[in-house]
*Asks:* 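There's a structure below that I have some questions on.
Residue numbers start from 1 in every chain, and the chains themselves are labelled A, B, ... in the order their sequence lines are given, proteins ahead of strands.
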Amino acid sequence: MSLTQDRPELTAADLQTSRSRRARSHTVRWLFMGAAAVTVLVSALIIWTVASEAWTYISQVELDKLTDIGWFPRRGLFDLSTLLVNTLQISVIAMLVAVPSGFGAAIYLSEYAHPRVRKVMKPTLELLASVPSVVLGVFAISFITPSILTNFFDDINYFNKLAAGIAVGLLVIPLIASIAEDSLRAVPLALREASAGLGARKVTTSIRVVLPAALSGLMAATIVGFSRAIGETMVVTIASGGGDTSLFNLSILESGGTLTSAMAALGLGTDQVAGNNLAFQSLYFLGALLFAITLVLNMLGDVIVRRLRNRY
Amino acid sequence: MSQEPEASASDVTVPDALAPKDQSRARIDVSAVAAMAPQRVETSTVFECADVDVYYTDFRALRDVTLDVNSHEVTALIGPSGCGKTTFLRCFNRMNDLIEGARVEGTINYHGVDLYQDEVDPVEVRRRVGMVFQKPNPFPKSIYDNVAYGPRLAGVKRSEIDDVVEGSLTRAALWDEVKDRLKMSAYGLSGGQQQRLCIARAIAVQPDVVLMDEPCSALDPIATGRIEELIAELKTDYTIIIVTHNMQQAARISDMTAFFSVQANEMGQRTGELVEYAPTSLIFTNPDDPRTEAYITGRVG
Ligand SMILES: Nc1ncnc2c1ncn2[C@@H]1O[C@H](COP(=O)(O)OP(=O)(O)OP(=O)(O)O)[C@@H](O)[C@H]1O
Ligand SMILES: [Mg+2]
């Protein structure tokens, strides 16, 4: 009782902050807001530049040049389907390599590996993700094609889409494995126990319970991997060739430029670009196209994930 | 509740021929109990546990548990938190195998077969000894697929699964509530419904024994009441071992009760042990051990 009586009376000033402190917290707030604004502004600027240049291109190019025999920007032949088909072929090959092995690695790490093994393997896997892509590009032309693929295909081009796809796949494995592993690990132990308690073997539990429960995460892993594969530039530029000029070709044993490698080739040789004014603008157009594809892919992934989640 | 006359623990009968040899260690006076028993379905022994120790790596969680579990009865495991009830329950279907470093010593015979010998496949054990967990853990699948999961694993024909699902859900007193939404997610059910779904899922594989780890701890009194009724019902077909923190529940539903306690040793390790195992009516009216009495009166009071 006496304690409370001795306490000095509370005045309004006790609860108020000083003017200078309030001013300081305002400054801090503005600083952070400025940082956020800069990133938004830069992104907007990039999109604006790309979009406007792409528009210049599309409004000036003769539309029948967009569907021709191939991609020869200096000669004014801008067959987009050549680049799109090559991009798609290489990305699909990459996913055929990366999804099974990435998911396999993820299942092993999350369901089978001893904790001690996982402790070493997970960081190793993530380290693998940081291998520079130029290394994989060189790996493709110095090993994948000459030492492996030539054994199976006699008439394979030294630069070919298959090797490029495999190398891009190798590049994407750690990314997919890492995201997939996180989503598998997030599946509650209780579900595994429920399945085991019903007499399911470990494989069965992994396939019938853990994988479906982690579906949205696995979808996310696949989409992120696919976007990464489509956007990969260096491996493709080195291993598949055809960035500067390429003839429309469906064979994966032939060389062929992709959206990204065509952009790289255009961006490299300014003198080449100078030969045809539109070639430079076509670079922006490709950029816009790439951007649109990845955007659509991500939105599609979002929708799929949401739909799956709603179902259960 | 069930139709039969109050199935109190006093009508436990262990025919002499089937009576386990070492009953004294479990503190049951078999002949005395048998003498009181009216004519009833024969009970036989499903599990014989002798000197069971469970270790988590170096930590001994449970020591020297010796008891027998009778068929078509409800056996309750009670005791303070951390005394090893869950640990012990998970020995019966080798669920502890899933825990890194867990080790079971001593013997547990299941219908005379040593569960922990090398030749035994834990998966086969779990098909016969089902489990219902403390927290409802339905799969993120439809209600139908949850119940059908076990039968599909066991290779039940497609054409028969519909019947199995309906039968199990009916048995678990859930059919009427879900029959119009079998294809909907199990996650849309209430906690009590989910737990009954888990019971339906467990009995869909027609196990011999159902282990239940505090199946009502997450439920309100009404849902609890339904599950208790269900347990009394299921007893006619299954042997049930149930962990519960609720003394009244143990008294209401079980035939036999095992009271576990936990004691810290010199090194501060808290090892659980079986204090007393007897017909439920005896445990609750006339416990042998002062620790049992203290625990029961402390809780019931
Ligand atoms: N996976 C595990 N790893 C290590 N120790 C464990 C593990 N599970 C349980 N224990 C320990 O074993 C002892 C018994 O635990 P158990 O879960 O069996 O107790 P319980 O009687 O079921 O308690 P509660 O009533 O709180 O559920 C405890 O000391 C606990 O810390
Ligand atoms: Mg427990």
*Asks:* Under a 4.5 Å heavy-atom cut-off, does chain A meet the side chain of B:Val129, its backbone, both or neither?
*Replies:*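 Just the backbone, heavy atoms under 4.5 Å.
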*Asks:* Quick one: does B:Pro140's side chain get under 4.5 Å of A:Leu215's, heavy atoms only?
*Replies:* no
*Asks:* Heavy-atom pairs under 4.5 Å with chain B are the metric here; pick the option from A:Pro212, A:Ala200, A:Ala213 that has the most.
*Replies:*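 The answer is A:Ala200.
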*Asks:* Which one, B:Met95, B:Met131, B:Glu124, B:Arg128, leads in non-hydrogen pairs under 4.5 Å with chain A?
*Replies:*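 The residue among B:Met95, B:Met131, B:Glu124, B:Arg128 with the greatest pair count is B:Met95.
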*Asks:* Say whether, by atom type as modelled, one donor and one acceptor occur between the side chain of B:Arg127 and the main chain of A:Gly199 under 3.5 angstrom.
*Replies:* yes
*Asks:* Between B:Leu98, B:Asp121, B:Val205, which has the largest tally of heavy atom pairs under 4.5 Å with chain A?
*Replies:*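 Top option by heavy-atom pairs under 4.5 Å: B:Asp121.
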*Asks:* Considering all heavy atoms of both residues, which atom of B:Leu153 and which atom of A:Thr204 are nearest to each other, and what is their separation?
*Replies:*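 In this case the closest contact between B:Leu153 and A:Thr204 is CD2-CG2, 3.3 Å.
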*Asks:* Quick check on B:Phe133 against chain A: is it the side chain, the backbone, both or neither that has a heavy atom closer than 4.5 Å?
*Replies:*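 Contact with chain A is through the side chain of B:Phe133 alone.
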*Asks:* I'd like to know whether CZ of A:Phe291 has more than 12 heavy-atom contacts from other residues, nucleotides or ligands below 6.0 angstrom.
*Replies:* no
*Asks:* Do you know which two heavy atoms are closest between B:Asn137 and A:Ala190, and how far apart they sit?
*Replies:* ND2-O, 3.0 Å
*Asks:* Locate the shortest heavy-atom distance separating B:Ala202 from A:Leu198; write the atom from each residue and the value.
*Replies:* CA-CD2, 4.1 Å
*Asks:* Search all heavy atoms of B:Tyr149 against all heavy atoms of A:Thr205 and return the closest pair with its distance.
*Replies:* OH-CA, 4.1 Å
*Asks:* Counting only non-hydrogen atoms closer than 4.5 Å, does A:Pro115 touch chain B with its backbone (N, CA, C, O), its side chain (CB onward), both, or neither?
*Replies:* side chain
*Asks:* With a 4.5 angstrom heavy-atom cut-off, which part of B:Pro138 approaches chain A: side chain, backbone, both or neither?
*Replies:* backbone
*Asks:* Just wondering, more than 12 heavy atoms not from A:Met95 lying within 6.0 Å of its CE?
*Replies:*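 Yes, because the 6.0 Å sphere around CE of A:Met95 holds more than 12 heavy atoms from other groups.
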*Asks:* Considering all heavy atoms of both residues, which atom of B:Arg201 and which atom of A:Ala194 are nearest to each other, and what is their separation?
*Replies:* NH2-CB, 3.3 Å
*Asks:* Charged N to carboxylate O below 4.0 Å: is that the case for A:Glu193 and B:Arg90?
*Replies:*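 Yes.
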